[in-house]
Amino acid sequence: MSLDKIFSDFMRASCIFKNRDVLSISFTPDTIPHREKQINELARIVAPALLGSKPSNVFIYGRCGTGKTLVSLYVTRELVKRSNGNVKTVYINCKLKGSDTKYRLFATITKELGKEVPFTGLPTDMVYNLFIETIEGEGKVIILILDEIDVLTDKTDGDILYTLTRVNQELKNSKLSIIGITNKLGFIESLDPRVRSSLSEEELIFPPYNALQLKDILIQRARLAFSEGVLEEGVIEKCAALAAQEHGDARRALDLLRVAGEIAERSGSPKVKIEHVDMAEEKIDTDKFLEIIKTQPKQSQLVLYTILRLLENRKEVQTGDVFNEYSKLCREYGMKILTQRRVSDLIAELDLFDIISTKIISLGRYGRTRIITLNLADSTLEKIKNYLSEVFT
DNA sequence: AGGTATTCACATGAAACTATTCTCTGAGTTAGG
DNA sequence: TAACTCAGAGAATAGTTTCATGTGAATACCTGT
């Protein structure tokens, strides 16, 4: 195929998108449909910041893709706009590497406020002091948005939140209030009572979108993202329906639409068809898994590889089988053999990622173990296998 | 037959260890005055 | 003498290992009928 053809094909097809970014997660639309109630409530809660007093801490719960982050960012941004510079917000996604421990959380917040902090090497309390100092230096109301706040308790130092809720007692000039976001319902109950009462002075719940609401959202964005008339009848409905099945996840709906568009574009189709949506669904899943697997450490990958190889011949395997075979492969590839204890953990981790599914059963006299099965789509499985056998040649 | 007691093959927890990456400190070195 | 360099001490963190303890039900072992 000549370059001319590739480029001209691309130009022709590329008129599918008018503005692709509108469909990405980071895009903030001007209006957020079906969230008026939550917006108003949150706005009412944070409003006292305008008068220089500390707003209540808020705890926001809702499944993923229900607009929690979007609404929080939107409301706080509007608030800052009207505050004459007396309010500052810091948004932190606790799940991202770099803010999932006490040290790093304080370090990133401080950095967000404009002070350089080395990301390792200092004692934690020094970073903490620096953090306090920096906030104090601001002399403002600071709203801290902690997205996926639940990961802060999983880690060993579970007292991060406790420390955080008590920061105000050390502050004189500034005030710090917290907006905590999570999608784990049980999270708030699992907290220390002191932390709980302080953190959830107010609570907001974001219900999932239903198919109709998703459709509204998609229509709104599609108008900006796609050229006139490239969406075939029913495409939006299909995306909305698929996402509604997945507990009303708007992000998923938008991803579906975007990827479907990209697939149509790449295949040179002048229109986005329903079948493109099906392909998009598959691609998103595959990509997600591959992405996870690629970022796993070698040992974990090898364990997964072992499992997949064993499951070619059988329907299910158990921990012991995996460990034996794994040890064999380790010797073959000259890798260090981890303990069974560790391998057991790695398997449990893979289960958490939904790459495999496991169940702990007791075989009575024959012990207790985890039985491992697969629940991946064939095409996904194929791609994963290809990747792994490339890694372990 | 019915009821306990064993026993297997791991699961699960806690703590301690290791390697890596990074900062800070202070001793020794260098260059300029 | 001030500025620079560089090794060593100390931290944080991810990934492990070590040691210890837990667990559910199929079987083995009894018991009295």
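By convention in this document, chain letters (A, B, ...) are assigned in the order of the sequence lines, proteins followed by strands, and residues within each chain are numbered from 1. Atom set for the values below is all heavy atoms of this structure, side chains included, hydrogens, waters and symmetry mates excluded.
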Distance-only check: which donor-acceptor pairs under 3.5 Å involve side-chain atoms of residues 334-345 of chain A, not counting sequence neighbours?
residue	atom	partner	partner atom	Å
A:Arg341	NH1	A:Asp345	OD1	3.0
A:Arg341	NH1	A:Asp345	OD2	3.0
A:Ser344	OG	A:Arg370	NH1	3.4

Sequence neighbours left out, cut at 3.5 Å: what donor-acceptor pairs do the side chains of residues 302-309 of chain A make with other protein atoms?
residue	atom	partner	partner atom	Å
A:Thr306	OG1	A:Leu302	O	2.5

Under 3.5 Å, sequence neighbours excluded: what are the donor-acceptor pairs made by side chains of residues 197-212 of chain A?
residue	atom	partner	partner atom	Å
A:Ser197	OG	A:Pro193	O	3.4
A:Ser197	OG	A:Arg194	O	3.1
A:Ser200	OG	A:Arg196	O	2.8
A:Glu201	OE1	A:Asn57	N	2.6
A:Asn210	OD1	A:Leu212	N	3.0
A:Asn210	OD1	A:Gln213	N	2.9

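The salt bridge (Lys or Arg N to Asp or Glu O under 4.0 Å) analysis of residues 36-52 of chain A, with sequence neighbours excluded, yields no pairs.
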**OP:** Evaluate the salt bridge (charged side-chain N to carboxylate O under 4.0 Å, His left out) criterion for residues A:Arg258 and A:Asp255: first the C-alpha distance (whole Å), next the side-chain angles of each, then the deciding distance (0.1 Å), finally the verdict.
**Re:** CA-CA 5 Å; A:Arg258 178 175 49 82; A:Asp255 275 345; 2.9 Å; yes
Subject >> Chi angles and distances behind the salt bridge (charged side-chain N to carboxylate O under 4.0 Å, His left out) call for A:Glu78, A:Lys81 >> reply: CA-CA 5 Å; A:Glu78 294 298 313; A:Lys81 237 188 247 173; 3.2 Å; yes
**OP:** Applying salt bridge (charged side-chain N to carboxylate O under 4.0 Å, His left out), run through A:Glu332 and A:Lys328 and close with a yes or a no.
**Re:** CA-CA 6 Å; A:Glu332 206 171 297; A:Lys328 236 188 272 172; over 6 Å; no
Original post:
Can A:Glu136 and A:Lys172 be said to form a salt bridge (charged side-chain N to carboxylate O under 4.0 Å, His left out), step by step?
Top reply: CA-CA 7 Å; A:Glu136 195 69 338; A:Lys172 287 201 202 72; 5.3 Å; no
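Between the side chains of A:Thr69 and A:Asp147, a donor-acceptor pair is found at a separation under 3.5 Å. A:Glu282 and A:Ser379 form a side-chain donor-acceptor contact under 3.5 Å, judged by distance and modelled atom types alone.
Here the CD1-CZ distance, from A:Ile284 to A:Arg252, works out to 5.5 Å after rounding to the nearest 0.5 Å. For the atom pair CD1 of A:Ile39 and OH of A:Tyr74, the computed distance is 5.5 Å after rounding to the nearest 0.5 Å.
Helix-axis bend for the helix from B:dA1-C:dT31 to B:dA31-C:dT1: the local axis fitted to the five terminal pairs at one end deviates from that at the other end by 20°, rounded to 10°.
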Below 3.5 Å between N/O atoms, which protein atoms pair up with nucleotides 15-18 of chain C? Just atom names and distances, please.
residue	atom	partner	partner atom	Å
C:dT16	OP2	A:Arg342	NE	3.4
C:dT16	OP2	A:Arg342	NH2	3.3
C:dT17	OP2	A:Thr339	N	3.0
C:dT17	OP2	A:Thr339	OG1	2.7

Under 3.5 Å, which protein N or O atoms sit close to an N or O of nucleotides 6-11 of chain C? Give each pair with its distance.
none

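For A:Tyr366 and C:dT27, the OH to C1' distance is 7 Å, given to the nearest whole Å.
As a member of the Ile/Leu/Val/Met/Phe/Trp/Tyr network built from side-chain separations under 4.5 Å, A:Leu352 groups with nothing else and remains a singleton. Other members of the cluster containing A:Ile371 are A:Ile361, A:Leu363, A:Tyr366, with ILVMFWY side chains joined at under 4.5 Å, either directly or via other members.
Shown for residues 302-322 of chain A: no residue has heavy atoms falling under 4.0 angstrom of DNA chain C.
When the nearest nucleotides of DNA chain B are assigned to A:Gly364 and A:Arg370 by heavy-atom distance, the more 5′-ward of the two goes with A:Gly364.
In terms of phosphate contacts, A:Tyr103 brings no side-chain nitrogen or oxygen within less than 4.0 Å of OP1 or OP2 of C:dT13.
A nucleotide of DNA chain B counts as in contact with chain A when one of its atoms lies under 4.0 Å from a heavy atom; the first and last such, 5' to 3', are B:dT7 to B:dC24.
When the salt bridge (charged side-chain N to carboxylate O under 4.0 Å, His left out) test is applied to A:Glu232, no partner is found at least two apart in sequence or on another chain.
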